[in-house]
Amino acid sequence: MNAQAEAISLDVLAESLNLGLGHVIDELSEISSSRIELHVPEVSMVPRADALVFTERMRDAGKAIFVQQRFSGDISGEALLFFSEQESLNLLNGLLGDPEDCLVEFAATEEEMLLDLTNVAVSGVIYALSSLLGLRINTELPHCEYGYFNDLRDSATLIGELDDMVLFLTISFTVVSKNSRAQLMFFQPRDTLTRLFDHIRTRLNIHI
Amino acid sequence: MSQLCLVADDSLYARMMLKNAVSESMPEAMFQEASSGRQALELAAAEQYRFDWYLLDVNMAPPDGLATARSLVQAGVPIGRIALVTGNRSSHLIEDADLMGICLINKAVSPDDVPGFVGRLSNFFAGQTAE
């Protein structure tokens, strides 16, 4: 794939993130009982080393909340919603009696809220990708973990089994009333971009 | 008569879709493009705010669409010449746009919605032209 084809494919993916979260923003707002503000998405094909550097922020964040959700079909990969420890505290503050307790083992209702938040956010993005590009994508149920990134179940598969390049999509949103910023990331194998470009070229009638 | 449109969106694809949709209802339209709010304001100032239409994405590199619109209005652009063109369907955003009196147009999420998108843009242009 040439540079122009890669650039337009990454651009369409970024717009899909935007449209996808924009489409479900009221649902996210309802789940979190807060206004949601979207931030500008970033999409890149990065060397594995860069993706590893990125995860250092998550490694350095101490204990944090991670929600993972896999998807498969015409494209496959893994979505990860990440709240740092402080953001987790902000998010859970007021929802639980004792935040210290909740950080050790946060209550089922809050876990359910985070699972819903992830499910809706990922579904929004998948919906936009499916609608825009005519892709068939199935999502698995998300699972939520509180702990260190390195201890995260299957964290190795996010980046560890990939070869030299990773397709990395990320968009963050702020849960305004909790002053808590969530980062939604999609990790996909490098061949995904080539497959996506075929769909983009066909569906959007782009000649490159 | 040709109409000069400023299209501001950080996505090249979104700008392309928007220009195509605008051209459906205004075939003679001419465009200038910005990929951020700052660039939109610079282009608008360079043209001495003579654009006929300002079509602004909301979620783009700063300032965002709402803030860009506010700056344009402060510079004397009639608010009826500005529309926020966005995929963001937040009811909070709708309230903000209503408070400002600015038109909000939903982007097309799928190719099936492109005719609807063209219709929404046409309604905006027709509504303002009729005033």
Side-chain angles (χ1 to χ4, degrees), chain A residues 4-30 32-43 124-135 171-177 196-197 199-208, chain B residues 7-21 23-24 33-40 55-68 84-99 104-117 120:
Chain A
Q4 194 183 4
E6 182 173 316
I8 189 80
S9 299
L10 295 178
D11 185 81
V12 170
L13 289 175
E15 183 65 1
S16 298
L17 289 177
N18 216 5
L19 290 172
L21 280 193
H23 194 75
V24 296
I25 194 165
D26 270 350
E27 287 175 73
L28 295 175
S29 191
E30 194 176 322
S32 58
S33 306
S34 168
R35 179 178 182 137
I36 301 285
E37 285 181 357
L38 296 182
H39 302 283
V40 178
E42 290 177 38
V43 176
V125 174
I126 296 295
Y127 163 78
L129 279 171
S130 303
S131 303
L132 211 57
L133 304 178
L135 298 173
I171 185 167
S172 58
F173 58 89
T174 299
V175 183
V176 175
S177 69
L196 277 171
F197 179 63
H199 283 276
I200 290 167
R201 194 169 43 189
T202 306
R203 182 84 163 179
L204 305 179
N205 203 20
I206 292 172
H207 304 286
I208 297 175
Chain B
V7 170
D9 197 306
D10 54 347
S11 164
L12 171 67
Y13 162 73
R15 295 198 303 272
M16 187 181 76
M17 291 293 289
L18 181 52
K19 287 190 297 175
N20 287 344
S23 297
E24 291 271 319
E33 298 180 43
S35 59
S36 68
R38 178 179 299 173
Q39 196 183 6
L55 305 173
L56 311 174
D57 183 25
V58 172
N59 188 24
M60 62 177 168
D64 65 22
L66 268 173
T68 302
L84 298 172
V85 182
T86 179
N88 187 327
R89 298 174 184 230
S90 161
S91 49
H92 293 109
L93 177 63
I94 294 169
E95 286 167 18
D96 288 347
D98 280 349
L99 276 174
L104 196 145
I105 299 170
N106 281 327
K107 287 180 179 176
V109 178
S110 75
D112 295 341
D113 187 35
V114 170
F117 183 41
R120 293 190 287 277

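Lettering of chains follows the sequences in order, A, B, ..., and the numbering in each one begins at 1. Keep in mind that what you see is a predicted model, and the values were worked out from it rather than measured. Note that these values count all heavy atoms, side chains included, but never hydrogens, waters or copies made by symmetry.
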Asks: Let me confirm one number: the CG-CD1 distance from Asp26(A) to Ile94(B), rounded to the nearest 0.5 Å.
Replies: 7.0 Å
Asks: If I measure from the heavy atoms of chain A, does Asp57(B) come under 4.5 Å with its side chain, its backbone, both, or neither?
Replies: side chain
Asks: Output the distance between atom CG (Asn59(B)) and atom CD (Glu37(A)), rounded to the nearest 0.5 Å.
Replies: 10.0 Å
Asks: Are Val176(A) and His92(B) close enough, and set up right, to give a side-chain contact (heavy atoms from CB on, under 4.5 Å), and what steps lead you there?
Replies: CA-CA 12 Å; Val176(A) 175; His92(B) 293 109; over 6 Å; no
Asks: Determine the minimum heavy-atom distance between Arg35(A) and Asp96(B), stating which atoms define it.
Replies: NH2-OD2, 2.6 Å
Asks: Tell me, out of Leu133(A), Leu132(A), Asn18(A), Leu19(A), who's got the most heavy-atom pairs with chain B below 4.5 Å.
Replies: Leu132(A)
Asks: Just how far is it from atom OG of Ser11(B) to atom CG of Leu13(A), taken to the nearest 0.5 Å?
Replies: 10.5 Å
Asks: Please say whether more than 12 non-hydrogen atoms of neighbouring residues, nucleotides or ligands are located less than 6.0 Å from CZ in Arg38(B).
Replies: no
Asks: Working to the nearest 0.5 angstrom, can you tell me the gap between Met16(B) CE and Asp11(A) CG?
Replies: 8.5 Å
Asks: Can you find a heavy atom in the side chain of Met17(B) that is under 4.5 Å from one in the side chain of Glu15(A)?
Replies: no
Asks: Looking at CG of Leu21(A) and OG of Ser90(B), how far apart are the two atoms once the value is rounded to the nearest 0.5 Å?
Replies: 12.0 Å
Asks: Which pairs, with at least one residue in residues 124-134 of chain A and sequence neighbours excluded, count as a side chain to side chain donor-acceptor pair (under 3.5 Å)?
Replies: none
Asks: Is it the backbone or the side chain of Asp9(B) that comes under 4.5 Å from a heavy atom of chain A, or both, or neither?
Replies: side chain
Asks: Name the option with the most non-hydrogen atom pairs under 4.5 Å to chain A; the candidates are Ala61(B), Pro62(B), Gly87(B), Ala108(B).
Replies: Gly87(B)
